[in-house]
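Below is one structure, written out as structure tokens, with a few remarks after it.
We count ligands from 1, going down the list as the structure has it; atoms in each ligand are counted the same way. Along the sequence shown, residues carry numbers from 1. Nothing here was measured: the structure is a model prediction, and the numbers come from that model.
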Amino acid sequence: MKLEALIFDVDGTLADTERDGHRVAFNQAFVEVGLDWDWSVELYEKLLAVTGGKERIRYFLDEFNRDFPRPPELDDFIAGLHKSKTQHYTNLLGQGAIPLRPGVERLLNEARVAGLRLAVATTTTPANVEALLINTLGPDSMSWFEVIAAGDIVPAKKPAPDIYDYALQEMKLQPAQCLAFEDSENGIKSSLGAKLTTIITINDYTHSHDFNGAALVLDQLGEPGQPFTVLQGGGVEGDYVNIDLLMQLHATQHAFDATT
Ligand code: XBP
Ligand code: MG
């Protein structure tokens, strides 16, 4: 099958948003409502075990702050906090706090020129995706993506495959026609669960995750003159991720599809 589309995770993959974006915004929301909670860089690494901001707040209460007297309407309390967090997060992005990772803008542009279809599959809130894209790639960039599968659009977030399944369904594509880009263990569990060949670019929070099953694990997508380091997998020519390298990878991963 021909390579038709690229599907991108957002947080950690398009941009390093967690430590200086999401984490900071959660803390700002806590201050705003008078909570003395403070999610340090170290604690946040543990909290990232759970995807989704609302789910993460609940996990924090269950595992790291059991003595906190829970409000009677806990769902509403968490939803309110999370709404404020989203506001703070989109404000941070509006101030240009988080750039795209190396190679992301170039690869998206090359994919568009090559006629590859683009999609997003993320657990983050849709407003966060919009804020990131608009503030880094410009006002038109939302339209570059045929499907933006995000947040509560599916009930089961990553590591469940549902968000990728949803994106594939919307694009009417088979997994073998696509490549997925991820940065985390929960992310690759989700993409592999949807049977997608997956390329990983690690970051500071995910470098020690288990990426068993990845087609390629890299430190970054790289740029001309700024080569990637291969951490797992390989067998492709090139030192930065471009369309030619993706075609090679897709061909090697699907060489036996017709006979199996
Ligand atoms: C990353 C996440 C998200 C964000 C918070 O998702 O786990 O939960 O940290 O986003 P991905 P919200 O890597 O799949 O993009 O607070 O909007 O849920
Ligand atoms: Mg991610």
Exercise. N/O of Gly52 under 3.5 Å from N/O of ligand 1, yes or no?
Worked result: yes
Within a distance under 2.8 Å of the Mg ion (ligand 2), the protein atoms of type N, O or S are Asp9 OD2, Asp11 O, Asp183 OD1
SB check Lys54 Asp152 (cutoff 4.0 Å) = yes
Going by the 4.0 angstrom heavy-atom rule, the piece of Tyr44 near ligand 1 is side chain
* Basic-acidic side-chain contact under 4.0 Å: Lys158, Glu182 -> yes
Smallest heavy-atom separation, Thr86 atom then Asn128 atom, equals CG2-OD1, 3.4 Å
among protein heavy atoms, the one nearest atom 14 (O) of ligand 1 is Asp9 OD1, 2.8 Å
Counting from 1 in the order shown, the ligand 1 atoms closer than 4.0 Å to a non-hydrogen atom of Glu18 are 1 (C), 2 (C), 4 (C), 9 (O)
Review point. Touching ligand 1 at all, Gly12? Heavy atoms, strictly under 4.0 Å?
Key: no
If you scan protein heavy atoms around atom 15 (O) of ligand 1, the nearest is Thr122 OG1, 2.4 Å
Of Leu231, Thr229, Asp183, the one forming a side-chain contact (heavy atoms from CB on, under 4.5 Å) with Ile202 is Leu231
So for Asn186 against ligand 1, with non-hydrogen atoms under 4.0 Å, the contacting part is neither
### Message
Any nitrogen or oxygen of Thr51 lying under 3.5 Å from a nitrogen or oxygen in ligand 1? Just yes or no.
### Response
no
Quick look: Arg56 vs ligand 1, heavy-atom contacts under 4.0 Å, and the answer is side chain
In short, Asn242 meets Leu107 closest at the heavy-atom pair CA-CD1, 4.0 Å
> Heavy atom of Asn128 under 4.0 Å from ligand 1?
Replying inline: yes
Discussion item. Between Phe181 and Phe8 (judged by ring centroids, cut-off 6.0 Å), do the two rings come close enough to count as a pair?
Written reply: yes
If you scan protein heavy atoms around atom 17 (O) of ligand 1, the nearest is Thr125 OG1, 2.5 Å
Is the shortest distance from a Lys or Arg side-chain nitrogen in Asp62 or Arg70 to a carboxylate oxygen in the other one below 4.0 Å? yes
Among non-hydrogen protein atoms, atom 10 (O) of ligand 1 lies closest to Thr124 OG1, 2.8 Å
Is the backbone of Asn203 close enough, under 3.5 Å, to the side chain of Thr206 for a donor and an acceptor to pair up by distance? yes
The atoms of ligand 1 lying under 4.0 Å from a heavy atom of Lys158, numbered in the order shown, are 14 (O)
key: Proximity flag His82 to ligand 1, non-hydrogen atoms under 4.0 Å   = yes
So the atoms of ligand 1 within less than 4.0 Å of a heavy atom of Lys85 turn out to be 5 (C), 10 (O), 12 (P), 16 (O), 17 (O)
Here the gap from Asn27 atom CG to Glu32 atom CD, rounded to the nearest 0.5 Å, amounts to 12.5 Å
If you scan protein heavy atoms around atom 18 (O) of ligand 1, the nearest is Gly53 N, 2.6 Å
| Quick one: does Asp16's side chain have a donor or acceptor within less than 3.5 Å of a partner on Gly12's backbone? | no
For atom 3 (C) of ligand 1, the closest protein heavy atom turns out to be Thr123 OG1, 3.4 Å
So the salt bridge (charged side-chain N to carboxylate O under 4.0 Å, His left out) pairs with at least one residue in residues 212-240 (sequence neighbours excluded) are Arg106-Glu223
CD (Glu45) and CG (Asp204) are apart, to the nearest 0.5 Å, by 9.0 Å
Under 3.5 Å, which donor-acceptor pairs link side chains of residues 167-177 to any protein atom two or more places apart or in another chain?
from   : atom 1 : to     : atom 2 : distance (Å)
Gln177 : OE1    : Gln174 : N      : 2.7

Only residue of Phe64, Phe26, Tyr44, Phe68 satisfying ring-ring contact (aromatic ring centres under 6.0 Å, His included) with Trp37 is Phe68
Note: Glu55, heavy atoms under 4.0 Å from ligand 1, region reported as neither
Quick note, salt bridge (charged side-chain N to carboxylate O under 4.0 Å, His left out) partners involving residues 138-148, not counting sequence neighbours, are Arg117-Glu146
